[in-house]
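Worth knowing before you read on, the calculation uses all heavy atoms, side chains too, and leaves out hydrogens, waters and symmetry mates.
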Amino acid sequence: MYRSGAVMAWNVFKFCTALRGLGSIMILLVLAVVGVSYYAVVITTYGPGLAAGGLDSLIAVVVLILFHSLLVMLLWSYFSVVFTDPGSVPPNWRPSVDEERGDNDPLTGLDFPSDPENDRVRFCRKCNQLKPPRCHHCSVCGRCVLKMDHHCVWVVNCVGALNYKYFLLFLFYTFLETTLVALSLLPQFLAFFSDGEISGTPGTLATTFLAFVLNLAFSLSVMGFLIMHISLVSGNTTTIEAYEKKTTPKWRYDLGRKRNFEQVFGTDKKYWFIPSYTEDDLRRIPALQGLEYPSKPDLDAQEF
């Protein structure tokens with residue numbers, strides 16, 4: 001069913017085309033924030049604290065271990081999103097047919113482009129090809145993306161079936177890292193407003209102040225995005241689908257929270273918090289390939 005609201009939503013996504021040229025700048029901005037934080041936490045504040053002895057040295061060791069561990073996971077997840085293709089439609093892709101169940105070829109007798117609102121088989125007029133379930137055309141990338149969630153200028157890439165987990169881990173580790181930096185620099189930040197003397201040069205003090213403000217801002221903003229995407233994962237939906245089905249009480253791909261989570265993160269718990277999958281999960285979970293998705297039989301006729 002055609003809705004004017006959907007047109008407005010797509011206009012918002014098309015607005016991202018104006019940001020296409022900012023890709024490399026956004027990566028440099030991320031690295032700049034990491035550099036400022038590293039200088040303020042490691043070089044200026046807690047690195048020298050290792051030689052202080054006593055409780056101060058113990059606190060410095062704990063902070064530095066946590067800081068570097070989270071930083072490694074953050075950068076690993078970030079560049080996994082940047083360099084992993086979210087998934088494109090294979091050439092000459094056609095929907096699979098289950099002959100044992102007596103399914104008919106859904107393309108038989110179909111003259112494209114047909115009515116995409118009523119047919120289960122969808123066709124992209126821009127790419128001039130068939131579209132798998134949950135696939136959407138990205139106006140920024142100029143192609144159809146499997147299980148597209150959104151185009152993110154921060155990672156200079158679309159977020160889709162093959163890199164959605166990496167994007168979620170990037171949000172997760174960014175939230176933990178920025179929260180840690182903000183808390184570890186909080187005493188120095190409060191010292192700016194005290195009457196006592198503050199050690200350090202004007203440059204180091206300014207860097208510490210800037211690092212605290214930036215990390216606090218990122219922590220609060222990323223927390224909101226993280227909560228939103230946790231909600232999407234629990235319902236086995238994407239940002240685009242959440243808007244499209246806002247008036248639909250039931251969702252055909254909602255298999256329950258546990259199975260919904262496994263559709264994104266896999267079944268091996270050892271791999272849940274790293275941007276990678278086991279070969280077994282990639283083989284057994286079709287959703288991780290982006291072309292087929294298990295659904296509720298009673299809602300199989302539902303499609304967007």
Taking only residues two or more places apart in sequence or in another chain, which ones pass ring pair (Phe, Tyr, Trp, His ring centres under 6.0 Å) with [X]?
{"X": "Tyr277", "result": "none"}
{"X": "Phe170", "result": "Tyr78"}
{"X": "Phe175", "result": "none"}
{"X": "Phe225", "result": "none"}

Residue list, side chain to side chain contact (heavy atoms under 4.5 Å, CB included) with [X], at least two apart or on another chain:
{"X": "Arg283", "answer": "Asp280"}
{"X": "Leu190", "answer": "Leu186"}
{"X": "Phe273", "answer": "Phe172, Tyr173"}
{"X": "Val213", "answer": "Phe189, Phe209"}

Between [X] and [Y], which heavy-atom pair has the shortest distance, and what is it?
{"X": "Asn236", "Y": "Lys147", "result": "OD1-NZ, 4.0 Å"}
{"X": "Cys135", "Y": "Val89", "result": "SG-CG2, 3.8 Å"}
{"X": "Leu168", "Y": "Leu226", "result": "O-CD1, 4.2 Å"}
{"X": "Cys158", "Y": "Cys141", "result": "SG-SG, 3.4 Å"}
{"X": "Gly235", "Y": "Asn260", "result": "C-ND2, 3.7 Å"}
{"X": "Thr207", "Y": "Ala40", "result": "O-CB, 4.2 Å"}

Without swapping roles, check the side chain of Arg122 against the backbone of Leu130 for a donor-acceptor pair under 3.5 Å.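 Checking the backbone N and O of Leu130 against the side chain of Arg122, no donor-acceptor pair under 3.5 Å is found.
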Any side chain to side chain donor-acceptor pair (under 3.5 Å) pairs touching residues 43-55, not counting sequence neighbours?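 Found none.
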For a 4.5 angstrom cut-off between non-hydrogen side-chain atoms, does [X] reach [Y]?
{"X": "Met73", "Y": "Pro275", "answer": "yes"}
{"X": "Thr238", "Y": "Met148", "answer": "no"}
{"X": "Thr179", "Y": "Leu183", "answer": "yes"}
{"X": "Gln289", "Y": "Leu282", "answer": "yes"}

Decide if atom CZ of Arg257 counts as having more than 12 heavy atoms of other residues, nucleotides or ligands within a radius under 6.0 Å.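 Count not over threshold, so no.
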Are [X] and [Y] linked, directly or through other ILVMFWY residues, by side chains that come within less than 4.5 angstrom of each other?
{"X": "Val33", "Y": "Leu185", "result": "yes"}
{"X": "Leu74", "Y": "Val181", "result": "yes"}
{"X": "Leu162", "Y": "Leu232", "result": "no"}
{"X": "Val72", "Y": "Phe67", "result": "no"}

Could you walk me through whether Leu50 and Val61 pass the side-chain contact (heavy atoms from CB on, under 4.5 Å) check? CA-CA 7 Å; Leu50 291 174; Val61 168; 3.6 Å; yes
Counterpart residues, side-chain hydrogen bond (donor to acceptor under 3.5 Å, both in side chains), relative to Asp56 (two or more places apart):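 Residues passing side-chain hydrogen bond (donor to acceptor under 3.5 Å, both in side chains) with Asp56: none at all.
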The criterion is salt bridge (Lys or Arg N to Asp or Glu O under 4.0 Å); which residues satisfy it with Lys258, sequence neighbours excluded?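 With sequence neighbours excluded, Lys258 shows a salt bridge (Lys or Arg N to Asp or Glu O under 4.0 Å) to Glu262, given in chain and number order.
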Can you sort out the partners of Asp268 under salt bridge (Lys or Arg N to Asp or Glu O under 4.0 Å), two or more places apart, ordered by chain and number?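 Testing Asp268 for salt bridge (Lys or Arg N to Asp or Glu O under 4.0 Å), a comparison that skips the adjacent residues, returns Lys270.
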Whether His150 and His229 hold their rings parallel, tilted or perpendicular, with breakpoints at 30° and 60°: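 Taking His229 first and then His150, their aromatic rings sit tilted (interplane angle of 30° to 60°).
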Plane angle bin for Tyr293 and Tyr253 - parallel if under 30°, tilted between 30 and 60°, otherwise perpendicular: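 If you compare the ring of Tyr253 with that of Tyr293, the planes turn out perpendicular.
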